[in-house]
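Contents: one structure, followed by commentary.
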Amino acid sequence: LKKQNKKLEKENAKVNKRLDRIIVQGDRQHKQFEKLNEELESYVNVIDDHLITVSLDKEKNITNVSTAFSNIFGFKKKEVLDYHLGFLLNKNDFAKIEVELYETIESKLPWNGELRFKNKSDTLIWTDTIITPLFDEGELVGFTLISEDTSKEKELEELKSKQIANKEYDQSMLEFM
């Protein structure tokens, strides 16, 4: 009985050592996981603060927006939740691209292009936008819209075009005289 007891104690000690190693390894992995999670959260916060993002359900109703969206568009998150994406888009532009946009995203492909939205005060906001469909086990469950505000660039382009047109007009007037 003493022999069996010693043998069991040795086996128990081995098992305890293995368990201790497993626990230490688990603690290390948990710390690594926490560190990665904090890093990921940091990235998410940067994206949230600086990138216009909109989450949509499969009917294209807004389910979430980023802080950058709220700052640029002037809407609080709760003011746009459950609204259809179309209420933010410039109606004239949307009518032109609606078919292409919906055909592309409904065919499970991302759509990329230029869109004009309107903010809370009805000011037009130009964006370079990508809309990506989201799937769960092959079934469409929603969309993610990521946009960059390109309004300032558009304003500069328009200003340059006007300057060029003015120069051409001035040149033609000089030639005429």
Side-chain angles (χ1 to χ4, degrees), residues 27-166:
D27 286 345
R28 276 192 222 125
Q29 288 177 340
H30 183 72
K31 286 177 185 176
Q32 286 175 332
F33 174 77
E34 283 180 342
K35 183 179 176 185
L36 288 172
N37 197 36
E38 287 173 11
E39 198 174 310
L40 181 60
E41 196 171 308
S42 172
Y43 290 138
V44 168
N45 289 336
V46 167
I47 289 169
D48 183 63
D49 289 342
H50 299 285
L51 217 88
I52 299 167
T53 62
V54 179
S55 298
L56 306 166
D57 63 19
K58 65 183 179 181
E59 284 80 31
K60 296 158 203 83
N61 296 316
I62 299 170
T63 59
N64 197 14
V65 296
S66 65
T67 301
F69 171 91
S70 294
N71 293 339
I72 292 169
F73 285 81
F75 290 103
K76 293 179 182 169
K77 185 183 288 192
K78 65 183 177 185
E79 292 178 298
V80 295
L81 292 182
D82 298 324
Y83 278 87
H84 191 273
L85 175 65
F87 105 94
L88 289 170
L89 293 164
N90 177 284
K91 302 297 182 237
N92 294 333
D93 291 348
F94 188 62
K96 292 176 192 172
I97 63 147
E98 183 177 23
V99 173
E100 175 197 345
L101 172 69
Y102 285 139
E103 281 179 358
T104 303
I105 57 182
E106 296 282 340
S107 67
K108 302 181 179 184
L109 297 170
W111 179 89
N112 189 358
E114 214 170 49
L115 292 176
R116 275 196 312 182
F117 290 94
K118 60 179 180 167
N119 68 9
K120 193 171 185 175
S121 62
D122 282 336
T123 301
L124 293 178
I125 297 174
W126 282 92
T127 65
D128 184 21
T129 299
I130 185 164
I131 300 174
T132 304
L134 303 173
F135 300 94
D136 185 13
E137 295 182 15
E139 185 178 329
L140 180 67
V141 293
F143 304 91
T144 297
L145 178 148
I146 300 174
S147 295
E148 179 184 3
D149 183 357
T150 58
S151 300
K152 289 178 184 170
E153 289 86 348
K154 278 292 186 186
E155 287 174 23
L156 284 173
E157 283 177 26
E158 288 177 23
L159 201 66
K160 285 179 185 177
S161 293
K162 286 179 184 177
Q163 286 176 337
I164 290 170
N166 286 340

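Just the heavy atoms: all of them, side chains too, but no hydrogens, waters or symmetry mates, feed the values below.
Heavy atoms only, all atoms of each residue included: L140 and K58 are closest at O-CD, 3.5 Å. Between I131 and P133, the shortest heavy-atom contact is O-CD, 3.9 Å. Residues E114 and W126 approach most closely at OE1-CZ3, 3.5 Å, considering heavy atoms. Among all heavy-atom pairs drawn from V65 and V80, the shortest one is CG1-CG2, 3.9 Å. Looking at every heavy atom in both residues, P110 comes nearest to T104 through O-CG2, 3.4 Å. Residues L56 and T63 come closest through the heavy atom pair N-OG1, 3.8 Å.
The CD atom of E38 lies 11.0 Å from the CG atom of L40; values are rounded to the nearest 0.5 Å. Rounded to the nearest 0.5 angstrom, T67 OG1 and L51 CG are separated by 11.5 Å. One finds the CZ atom of R116 at 10.0 Å from the OG atom of S151 (value rounded to the nearest 0.5 Å). Note that the CD1 atom of I62 and the CD atom of E79 stand 11.5 Å from one another [nearest 0.5 Å]. For the atom pair L115 CG and L124 CG, the distance stands at 12.0 Å (nearest 0.5 Å). The distance from the OG atom of S42 to the CG atom of N37 is 11.5 Å, given to the nearest 0.5 Å.
Screening I52, N112, L145 against T129 for a side-chain contact (heavy atoms from CB on, under 4.5 Å) leaves a single residue, L145.
Heavy atoms from other residues, nucleotides or ligands lying under 6.0 Å from NZ of K120 number more than 12. The local environment of CZ in F135 is crowded, with over 12 non-hydrogen atoms from other residues, nucleotides or ligands closer than 6.0 Å. Shown here is E34, whose CD atom has more than 12 heavy atoms of other residues, nucleotides or ligands within 6.0 Å.
Here the two rings, on F117 and F69, have centers that are 6.0 Å apart or farther.
Listed by chain and number, the residues in a ring-ring contact (aromatic ring centres under 6.0 Å, His included) with F143 amount to none (sequence neighbours excluded).
A salt bridge links E157 to K154: one of the charged nitrogens lies within less than 4.0 Å of a carboxylate oxygen.
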Would E100 and W111 satisfy side chain to side chain contact (heavy atoms under 4.5 Å, CB included), going step by step from the backbone distance to the final call?
-> CA-CA 9 Å; E100 175 197 345; W111 179 89; 3.3 Å; yes
